[in-house]
Amino acid sequence: MIIKPIVKGVVARNAHPTGCKQAIINQINYVKAEKPIVNGAKKVLILGASSGFGLASRISLAFGGASADTIGVSFERGPSEKGIGTAGWYNNIFFREEAEKQGLIAKNFVGDAFSPQTREQVIDYIKSEFGGKLDLVIYSLATGVRPDPVTGELWRSSIKTIGEPVTGPTINIETDTMEQMTVGTATDEEIDATEKVMGGDDWASWIEILSEADVLDKGCKTLAYSYIGAKSTYPIYHQGTLGRAKTHLHATGDMLNNKLAKIGGTAHVSVCKALVTKASVYIPAFSPYILALYKVMKEKGLHEGCIEQMQRLFAQRVYGDKSAIPVDNQRLIRIDDWELDAGVQSEVDKLIAKIAPDNFALVGDYQGYKTDFMQLNGFELPGVDYQARVDFDSLCQLQP
Ligand code: NAI
Ligand code: NA
């Protein structure tokens, strides 16, 4: 079969396996050529490993100098009568193949990271086949639902404001149009539920259970990813429901840091740059900011994708010759420093003021936004022959 992209709104309904493989190889080649990670982690568990920042972390730690063995947990779908499956499914497989070629362990668990069964399987594997200890745990899940571990009832996150509603334009990738929309205000219940889903609770429970199982090595680090962003986006993000959840995540980082001190370990939250991922295109009224940011950062030669962010994070902040990880006055790692540069933001503000439904593709970097989105799903990668037939049966033979 020949696979053509199917996009509905801001959701990709299929993926191109050959393109996903190419995207993995491109990221591997990038980190190999960069400043290497020195004294990096060797045994890493990544929760949310199949795309975005989690996948980039995995590639960076395996190929960017540390030569880490990795365990990746993700929630993805393989090929079936329903379709080709998700990009993350193929990312897991092609990452593992490349890592194994280098003699590295790359174990994939495809399942629900919130479930007790997944935790049990991961811990059994660490003990029986992974050498028994981890020296880094990365928490990079992005999801809209989480079951209450006690009742099993689902909490659902809401991406809403707190206080006043906000009206702003948002991109529809399917139709290449920009539409006005209003982001409504959250109820207290919605604020709480979003905090349960995207806050630090589940990160803490993973660290707790790994610690009880005694699989955290002396000096073990843990990291989670956050976003704060520029003042212009505060009403939608930082001061909205997602920002509230991130505040909870930051507090969890401090709590875990105290806990891990007993084994000489640390917990940190790294605040990252706004980027196009499966998760971020979902945030309403946020796309004009990304369009403007991409345009300005590319013009200034400061643009980074997930892989550039993660290689810089590990090589220059988390590992290396420093005696301590550099943090701000809230103990956060700021790898969003180039995004928040005053010169960048003053240009971004000017562009956002101009962006409208009839000019967004000219004023902002819509081309870059859309290409990133397509490439996340294995489409539009230079060098890939998209006319070549893909054999569905051989895809079905591939195992995580
Ligand atoms: P993503 O959508 O690319 O990756 C999410 C990962 O979580 C995938 O591997 C997915 O399979 C996994 N996942 C989701 N639900 C799961 C479940 N129930 N069980 C197991 N795995 C599950 O998202 P992205 O953007 O990389 O987000 C990761 C983190 O980075 C989030 O905390 C996000 O807030 C943060 N971040 C994202 C930014 C952005 O602009 N994209 C900016 C700064 C921080
Ligand atoms: Na991720």
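Sequential numbering from 1 along the given sequence is applied to the chain's residues.
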Is there side-chain contact between [X] and [Y], with at least one heavy-atom pair below 4.5 Å?
X	Y	value
Glu120	Gln117	no
Val7	Phe373	yes
Pro400	Arg96	no
Met178	Thr170	no
Leu223	Val269	no
Thr252	Asp201	no
Leu332	Ser270	no
Asn14	Lys4	no

Exercise for review: Check the angle between the aromatic planes of Phe314 and Tyr319 and answer parallel, tilted or perpendicular using the 30° and 60° thresholds.
Suggested key: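 Ring orientation, 0 to 90° scale: parallel.
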Practice item. On the 0 to 90° scale, with breaks at 30° and 60°, tag the Tyr366-Phe360 ring pair as parallel, tilted or perpendicular. Key: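 If you compare the ring of Tyr366 with that of Phe360, the planes turn out perpendicular.
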Output yes when [X] and [Y] qualify as a salt bridge under the 4.0 Å nitrogen-oxygen rule, no when they do not.
X	Y	value
Arg331	Asp254	yes
Glu208	Lys259	yes
Lys43	Asp135	no
Asp337	Arg317	yes

Tell me if the [atom1] atom of [X] is crowded by more than 12 foreign heavy atoms within 6.0 Å.
X	atom1	value
Gln367	CD	no
Asp188	CG	no
Lys298	NZ	yes

If Ile, Leu, Val, Met, Phe, Trp and Tyr residues are connected whenever their side-chain heavy atoms lie under 4.5 Å apart, and connections chain through other members, are [X] and [Y] in the same group?
X	Y	result
Val31	Ile25	no
Ile333	Ile307	yes
Phe53	Tyr282	yes
Ile355	Leu362	no
Val145	Val281	no

Which heavy atom of [X] sits nearest to which heavy atom of [Y], and what is that distance?
X	Y	answer
Gln399	Cys396	NE2-O, 3.8 Å
Ala68	Val44	CB-CG2, 3.8 Å
Val137	Cys220	CG2-SG, 4.5 Å
Arg119	Ser205	NH1-OG, 2.8 Å
Ala113	Thr118	CA-CG2, 4.3 Å
Asp365	Lys295	CB-N, 3.7 Å

Practice item. Give the C-alpha distance, both sets of side-chain angles, the deciding distance and a yes or no for salt bridge (Lys or Arg N to Asp or Glu O under 4.0 Å) between Lys8 and Glu174. Key: CA-CA 6 Å; Lys8 290 282 168 237; Glu174 180 185 358; 3.8 Å; yes
Review point. Just checking, Lys21 and Tyr90: is the charged tip under 6.0 Å from the six-membered ring centre and within 45° of the axis?
Key: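 Relative to the ring axis of Tyr90, which defines the angle, Lys21 lies outside at least one limit.
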Exercise for review: Answer yes or no for Lys107 and Phe109: cation-pi contact, defined as NZ/CZ to six-membered ring centre under 6.0 Å and angle to ring axis within 45°.
Suggested key: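 Flagged: Lys107 positioned over aromatic ring of Phe109.
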Practice item. Output all residues satisfying side chain to side chain donor-acceptor pair (under 3.5 Å) with Asn108, sequence neighbours left out; order by chain, then residue number. Key: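 Listed in chain order: Arg58.
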State the [atom1]-[atom2] distance between [X] and [Y], to the nearest 0.5 angstrom.
X	Y	atom1	atom2	result
Leu216	Lys262	CG	NZ	12.0 Å
Ser60	Met310	OG	CE	8.0 Å
Leu55	Asn92	CG	CG	8.0 Å
Ile71	Ile126	CD1	CD1	4.5 Å
Met374	Leu381	CE	CG	10.0 Å
Gln102	Ser67	CD	OG	8.0 Å

With sequence neighbours left out, write down each residue that passes side-chain contact (heavy atoms from CB on, under 4.5 Å) with [X], or none if nothing qualifies.
X	value
Thr151	Asp148, Glu153
Ala62	Phe95, Leu104
Glu347	Val296, Lys300, Lys350
Lys273	Leu275, Leu293, Met297, His303, Glu304, Gln309, Glu339

Review point. Hey, does the side chain of Gln27 reach the backbone of Ala56 with a donor-acceptor pair shorter than 3.5 angstrom?
Key: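 No; zero donor-acceptor contacts below 3.5 Å.
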**Study point:** Backbone of Asp214 reached by a side-chain donor or acceptor of Lys133 within 3.5 Å
**Key:**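 It does hold such a pair.
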Point to revise | side chain to side chain contact (heavy atoms under 4.5 Å, CB included) between Leu398 and Phe94, worked out | key: CA-CA 10 Å; Leu398 298 171; Phe94 297 129; 4.3 Å; yes
**Study point:** Positive for side chain to side chain contact (heavy atoms under 4.5 Å, CB included) with Val271, one of Leu340, Asp336, Val327
**Key:**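 Only one of Leu340, Asp336, Val327 forms a side chain to side chain contact (heavy atoms under 4.5 Å, CB included) with Val271, namely Asp336.
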Exercise for review: Kindly determine whether Ile138 and Leu61 satisfy side chain to side chain contact (heavy atoms under 4.5 Å, CB included), including the steps that lead there.
Suggested key: CA-CA 11 Å; Ile138 292 179; Leu61 289 158; 3.7 Å; yes
Exercise for review: Go through the steps for Ile59 and Tyr30 under the test side chain to side chain contact (heavy atoms under 4.5 Å, CB included), then give the verdict.
Suggested key: CA-CA 10 Å; Ile59 293 174; Tyr30 170 79; over 6 Å; no
Check your understanding: Apart from Ile191 itself, what residues make up its hydrophobic cluster when side-chain heavy atoms of I, L, V, M, F, W and Y under 4.5 Å apart count as a link, directly or indirectly?
Key ->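 Direct or chained contacts put Ile191 with Ile162.
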Practice item. Report the C-alpha separation of Gln345 and Val348 in whole Å, then their side-chain angles, then the decisive distance to 0.1 Å, and conclude whether the side chain to side chain contact (heavy atoms under 4.5 Å, CB included) test is met. Key: CA-CA 5 Å; Gln345 286 302 323; Val348 167; 4.1 Å; yes
Exercise for review: Begin from the C-alpha positions of Phe286 and Tyr227 and carry the test ring-ring contact (aromatic ring centres under 6.0 Å, His included) through to its verdict.
Suggested key: CA-CA 13 Å; Phe286 196 70; Tyr227 186 67; 5.8 Å; yes
